[in-house]
Structures are given as C-alpha cells and as structure tokens.
2 protein chains.
Amino acid sequence: MSRKPRIRSGSGVTMHDVARAAGVSAITVSRVLNQPQQVSPQLREKVMQAVDALAYVPSRSARTLASARSRTVLVLIPSLDNTVFLDTLAGIESVLDAAGYQMLIGNSHYDSEQELQLLRAYLQHQPDGVLLTGLTHAAPFEDILRRRALPAVYMMDLADDGRCCVGFSQENAGAAITRHLLESGKRRIGFLGAQLDERVLKRLDGYRAALEEAGCRDAGLEWLDPSPSSMRMGAAMLEAALAARPDCDALFCCNDDLAIGALARCQQLGIAVPERLAIAGFNDLQPAAWCTPSLTTVATPRRAIGSHAARQLLRLIAGEAPEAAQTDLGFQLMLRRSS
Amino acid sequence: MSRKPRIRSGSGVTMHDVARAAGVSAITVSRVLNQPQQVSPQLREKVMQAVDALAYVPSRSARTLASARSRTVLVLIPSLDNTVFLDTLAGIESVLDAAGYQMLIGNSHYDSEQELQLLRAYLQHQPDGVLLTGLTHAAPFEDILRRRALPAVYMMDLADDGRCCVGFSQENAGAAITRHLLESGKRRIGFLGAQLDERVLKRLDGYRAALEEAGCRDAGLEWLDPSPSSMRMGAAMLEAALAARPDCDALFCCNDDLAIGALARCQQLGIAVPERLAIAGFNDLQPAAWCTPSLTTVATPRRAIGSHAARQLLRLIAGEAPEAAQTDLGFQLMLRRSS
DNA sequence: GTATTTCATGTTAGCGCTAACATTGCGGGT
DNA sequence: ACCCGCAATGTTAGCGCTAACATGAAATAC
C-alpha cells in the first residue's frame, strides 16, 4: 500500500530536481546559490542553466530550518499612521534589501504590551535581529532578547547604557526649539503634547529645561493629552490653551500634525502668527514648509536613522562590533514664518 | 565518532521537548496548538502547562515546510512614501493579524520590473496569496501567479475581466470632481499630473471625458510630469501652468500633494482661490482639511480597501469563492473652500 | 618519489514540524 | 456475546534544505 503523496509546496521544483537536470548533486546546487566561489565555473554555469530552465525558486523555510538562519529582521514600530515611521522603514528597507535580508514589520500601536505580543508572535519566524523604536519596552521584552541572544538596535533616541542606539537627543531637540522661541523674544511659551509616548515626554523635558534655564517656566502652560495626535486635535488644543491662558505668546507643539492644526485654527480665528502667537512643530513633515504661514519645526533624520540602524544590526548579526554603541545623527532647526 | 551537534535555532525548545515534559507524543502537542478541539481537555491543559513552562515557540519554517502552508501573504505596493498606501496597509494588517496571517511587504517603487523581481524574491517564502496595487503588471507577473495557482486580489481599481478587485473607479472619480468644477462655473479647467501611474492616467481619462461631455476639452490645459509628486512639484507646476495659460480658471491636481503645493504657491503669489483659480485635489489626506483655504478633494476609502481586499484574499486562500469578483467601495467628493 | 595540502564535489544525517495512516478503547446496537 | 463506529492518541515518514564529514584528484612541498 503506497501512501497518498503529500501536497508539494510552491511550484514543486526542488533543489534535487535542479541537481538531476544539471547532472550534479543537490549540495552543489546549494553551493552555486550560496557560495558560488566554491564551485568551478563550468558547473556553476550548468547549474544556473538548470535553475533558469526549471524556474526553480528555493524554499526559504527549508533553508531556515536547515541552517538556523532566517535572514529576516523584525522591525517593531509604534504606528503605521505616521510618516515619521514610514520614512524610517524606507531607510531600513533600502539597506536590508541590498543585503538579501527581508523585514517583518510589526505595528505595536504605541502599546508596549502589544509590542511584547508581537515579539512573541514574530519569534516564530526566528528573526536574526530586531530593530526597535524607542528605549523603553515591557519588562519581559528585553529578557527575551537577552535569553535568545537576539541582536537589537534601538532607533530614534540615545542611551549610554551599552545598548546599540541610532537616533538623536529628543531632549536636546526640544530644548533647542524652545530656546529659539525664547530668543525671538517670547516669554510665555506653552507646550502642546499628544500621544505622550516616550519621545514626546523627552521633548517636554527639553522644553522644561530650556525654560527653567531662562527663568520662564510656567507649569500652567503645558497641555497634555494621551490620545493620538492629529491636525484636528491640534486645532482643539489650541482653542483650549488660549481660552485658559490668553497671555500665552508662543506654542511648541510636540509634532507637526498638532502644529499645523493649531496654525490653521489661528488663521480661522484671526490670530496673528507669529506676532500674537508664535508656533513651532517637530519633525519637518512635508506640509510644514507649505502651510500658511510656513511652520518653524525641527527636521529629524528619519530615513538616515533607519538605514544606519539597519547597517548596525547587520554588523551585530554578523558577530562584528557596531561602529559605535550610540550614533547621534542630530537634528536641524527649520526656522520659518510661524516664529 | 560523533559529529559536532548542529546549532539549534531559536531558543532550542522543540515540540518534542514539550511532548516529553507533558508525557505525550509530539503530534498531540501539534494538535493542541493547531486543532485543540481534537484533544481532550485534560491533555490540552497538561500540554499548555508544558508550553508555558518551557516558553516554547513553534518554528514557523518547520511548520511551513511540513504543511506546505505559510500563513503568509505578500503585499506589493508602489511606494512607502505615500500615506495612501500606508492607510491601505493598516487596513490589511488589521484583518490578517486577526486571522493569524503575517504580511510581507514589498515596495516596487512604481516600477513594474522591480515588482516582478520582488515577486520572484518573495516567492521563496511560499506566500499563500498576494495583494496587488493596480491592475497592470509586467507580463510574466500574471503568468507566475497562474502557474502557481496563487490567489491574488487587486486593490485600488476595478476591472471586469474576472480578477478579484477591491477599489473604486478612478475614472469616475476623476470625472466627478471635474464635473463639480464645471458646475461651479469654471470652463478652462486644467489638469496637473505627476508620477503618471495607472491611477493618475485613469483620473486623467475621467477628467477628459467630463470636459468632452461639456464641450470644454482643451488639450493645452494638461500638464503631465512623470517624476514623483510632492508639494514642491505642485508649486512648480502651478507656476508653469499659469505662465503658459493665464486664462486657466481651475485646476484638478491628480493628488493632494500637488494640490497643496499649488495652493500654497497661489497664496504666495496673491492669486485668489477659488475666485481667480479653483483648485481640487485627490485622496483627502489629512492636511487637505487644514490648509488655507481648505482643499476640495476626493475622499478615497483606502483603509476599507485594504481590509476588504485582505478578507477577500483569505476567502480565496481557503478555497471559497469571493463575495464578488469586483467590489466597488466608492469615493466621496469633499467640497471645501478651494473651489 | 612520497607526504602533505588544497580544491572541488559527494554522502549522510538531520533541522522541527505535520499528513497520512495505525492503533487503542469505549459505548451502543443487536 | 459480538461487531461496528467513532473519538482520542500514537507511529512513521517525509517536507526541502544545508552542516559536517568524506572522498578523490590535482597541486605543492621536501
């Protein structure tokens, strides 16, 4: 009694089929595809012809299973609704793609518990490394990384605790834009914050430090809301802020979405920007340069963070040391009409 | 002579370890994880305890290899720089995630040749299905899908050739917004187009049809540029258009980026919008409602397209018929101040 | 001229999981 | 008492690939 044959996966052409067609053994085909320099040119040629003729596609799962290397990297980001992370992904993709690595994208929705679930789920793919957004993660998270000796690179911020970080100082950036507002003569500078993820809170810290330094700190000028940021929310927060504190003469918004919404509402209400109220945003998204008046903001090297982090991770995966534990890619003030 | 042991992948805990710890056979563990109703509650309980105790994570590659099902879906999009596709991805993710499927994202950079390469590369993962953007793809592309009997759903547009499509009529949408401009009294309506992917060209067809219908078609009012669209480009195209045809009294921009750039430049040049020149965009991105003046545009159901397409694909993968060959999710004119 | 190294290729034995079939035990019909 | 059917669990044999070792031939050394 012969059993039912199993369903063949994929196109059904296996490495052995190619080997037979080329008159060699399977391992030779494997080597032609993975370490071509180990195979003589003639055989290499013959094998490649067979590969093309049969339209052979190697099976990634078989390879992962046999070699214990998946050539896959897990990327965990907090949101898919934010251009910031898109740009970062684009940078990551460009590097991984070129290295033959694939990326698995997990969206944690700004929730560290969900992030932990994602890590657990994606571990099934045996990723060779992980790219993370931000420095703070659920407690078991780092445990898992350690226990599995999974290389990880942290993006967007800096830390000097030995973890490999690629980003810039959120705190310094927040302080720098606040100082710019101070220098332009404003004294009652408010802060609009939404989402309140760790990066926003660090920008807030920077804002506070700069005001402290200038003796202008006023806790009544901070408006914080944990719900997701949007232009609509920026408009609403602006109204609430001015209603509560009509003396406020400048606003640092924790990101451009809020700032653009606030700016638009000022236009509608006839509030002169920047004379009566200066406004600054964060990230330098595309509309910042094109709204009316154009928005002063902080340009962040998102794409570079992604590509650099990916390169560092590939080094770690290969067992090399990273170029540096932390890489500070800086930020740039974009001074425009709104301040 | 005993060989060197192989490097264990992942944490090294396998299904057999769990089976031993629970005092059952490996297949029982497999069933507890995949078809729990086939296992008695007591055993199920015992196995789950062992799974937790050992922090067992099943190997996706082993499962894929043994079962010839990867529970992975390939998503091919033309760009990672465009919010439109992000929103679509978010919709897809929500459905696939809930169904235990993982998505692989390929970015074709608006290039059908590169799209074909991506398909070839990602076939190594033996995806169970493919989600595609648009209807036109490189010739060998559809061949590969057919030869492998890979279920596919086409997003963003409609076709009545039997392919499973989820989207809306780009052409009708282009015609509808053009008719709105006609109804508001404009007669020399221009078209600004960038990127010139198939969707832009269909919107252009709709625009032409509507003008033809009204007897207002004027080929000298079309400005097309194949480079990627951006606000900067919208501003530049606006200037070029008005220089060439100062009599132009309305502009339909193929997307909101162009429109917002054009709008901003009008503000700078003191051109009255909509009196002297009406402007309409496409997609209803967030800034459209918040720029000055607010932008008339076409709202597109991007997230719904993603989630609906993912649901259809899951049906196809399960061997069921799709609810309908095409699903028209429509569009909505957002009439605002710029027209 | 033999010992030693190198290089190119092959053989074998899994990687961790699940499909297919096999076995066991139990309740119910007659 | 017997047989049947069904439910719960087990055994076996791969899925397609590559690590490790083996082999044989050519190149090099002394």
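Just so you know, these numbers come straight off a predicted model, no measurement behind them. Just so we're on the same page: letters track the sequence lines, and every chain starts at 1.
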Participant: Once side-chain contact (heavy atoms from CB on, under 4.5 Å) is applied, do any residues pair with A22(B), and if so which ones, sequence neighbours excluded?
Facilitator: V24(B), V47(B), A50(B)
Participant: Kindly state which residues belonging to residues 28-38 of chain A come within less than 4.0 angstrom of DNA chain D, counting heavy atoms of the residue only, listed by number.
Facilitator: S30(A), N34(A)
Participant: Rounded to the nearest 0.5 Å, how far does CG of L119(A) lie from CG of L150(A)?
Facilitator: 7.5 Å
Participant: Restricting to salt bridge (charged side-chain N to carboxylate O under 4.0 Å, His left out), what partner residues turn up for R71(A), sequence neighbours left out?
Facilitator: none
Participant: Would you mind telling me which of dC17(D), dC17(C), dT9(D) lies closest to the side-chain atoms of A62(B)?
Facilitator: dC17(C)
Participant: Nearest to the side chain of L43(A), heavy atoms from C-beta on, is which of dT9(D), dT9(C), dG16(C)?
Facilitator: dT9(C)
Participant: Excluding sequence neighbours, so at least two apart, what forms side-chain contact (heavy atoms from CB on, under 4.5 Å) with S40(A)?
Facilitator: Q42(A), L43(A)
Participant: Nearest whole angstrom, please: distance from the P of dC17(C) to the CG of D17(B).
Facilitator: 9 Å
Participant: Short of 4.0 Å, heavy atom to strand atom, which residues of residues 18-25 of chain B count as contacting DNA chain C?
Facilitator: none
Participant: Just the rounded figure in Å: distance from C1' of dA8(D) to NZ of K46(B).
Facilitator: 13 Å
Participant: Using whole Å, report how far NE2 of H16(A) lies from C1' of dT12(C).
Facilitator: 11 Å
Participant: Test of understanding: with salt bridge (charged side-chain N to carboxylate O under 4.0 Å, His left out), list the residues that count as partners of R163(B), not counting sequence neighbours.
Facilitator: E142(B), D161(B)
Participant: If the condition is salt bridge (charged side-chain N to carboxylate O under 4.0 Å, His left out), which residues does E323(B) pass it with, not counting sequence neighbours?
Facilitator: R315(B)
Participant: Can you tell me which residue pairs pass the ring pair (Phe, Tyr, Trp, His ring centres under 6.0 Å) test with a partner in residues 92-118 of chain B, sequence neighbours excluded?
Facilitator: none
Participant: Working to the nearest 0.5 Å, report the span between NE2 of H137(B) and CG of L132(B).
Facilitator: 4.5 Å
Participant: Rounding to a whole Å, what distance do you find between Q124(A):CD and dC15(C):P?
Facilitator: 20 Å
Participant: To the nearest angstrom, how far is Q126(B) atom CD from dC15(D) atom C1'?
Facilitator: 9 Å
Participant: With sequence neighbours left out, write down each residue that passes salt bridge (charged side-chain N to carboxylate O under 4.0 Å, His left out) with D328(B), or none if nothing qualifies.
Facilitator: none
Participant: OP1, OP2 of dA19(C) versus side-chain N and O of S67(B): anything below 4.0 Å?
Facilitator: no
Participant: Quick check on DNA chain D: between S40(B) and S61(A), whose nearest nucleotide comes earlier from the 5' end?
Facilitator: S40(B)
Participant: What is the distance, to the nearest angstrom, from the CD1 atom on I27(A) to the P atom on dT18(D)?
Facilitator: 7 Å
Participant: Counting heavy atoms from C-beta on, name the nucleotide in dT9(C), dT18(D), dT18(C) closest to the side chain of A26(B).
Facilitator: dT18(C)
Participant: dG10(C) C1' sits how many Å from M15(A) CE, rounded?
Facilitator: 15 Å
Participant: Would you indicate which nucleotide in dG16(C), dT18(D), dT9(D) comes nearest to any side-chain atom of A66(B)?
Facilitator: dG16(C)
Participant: Figure out the CZ/P separation between R69(B) and dG16(D), and round it to whole Å.
Facilitator: 17 Å
Participant: In degrees, rounded to 10°, what is the bend between the two ends of the helix from dG1(C)-dC30(D) to dT30(C)-dA1(D), using five pairs at each?
Facilitator: 40°
Participant: Residues two or more places apart in sequence or in another chain: which of them pass side-chain contact (heavy atoms from CB on, under 4.5 Å) with R147(B)?
Facilitator: I144(B)
Participant: Please check this pair: side chain of E198(A) against backbone of T136(A), looking for a donor-acceptor N/O pair closer than 3.5 Å.
Facilitator: yes
Participant: Heavy atoms from C-beta onward define the side chain here; which of dC15(C), dT9(D), dT18(D) lies closest to that of L65(A)?
Facilitator: dC15(C)
Participant: Taking side-chain contact (heavy atoms from CB on, under 4.5 Å) as the definition, give me every residue that meets it alongside R31(B), ordered by chain and number, with sequence neighbours left out.
Facilitator: I27(B), Q35(B), Q38(B), V39(B)
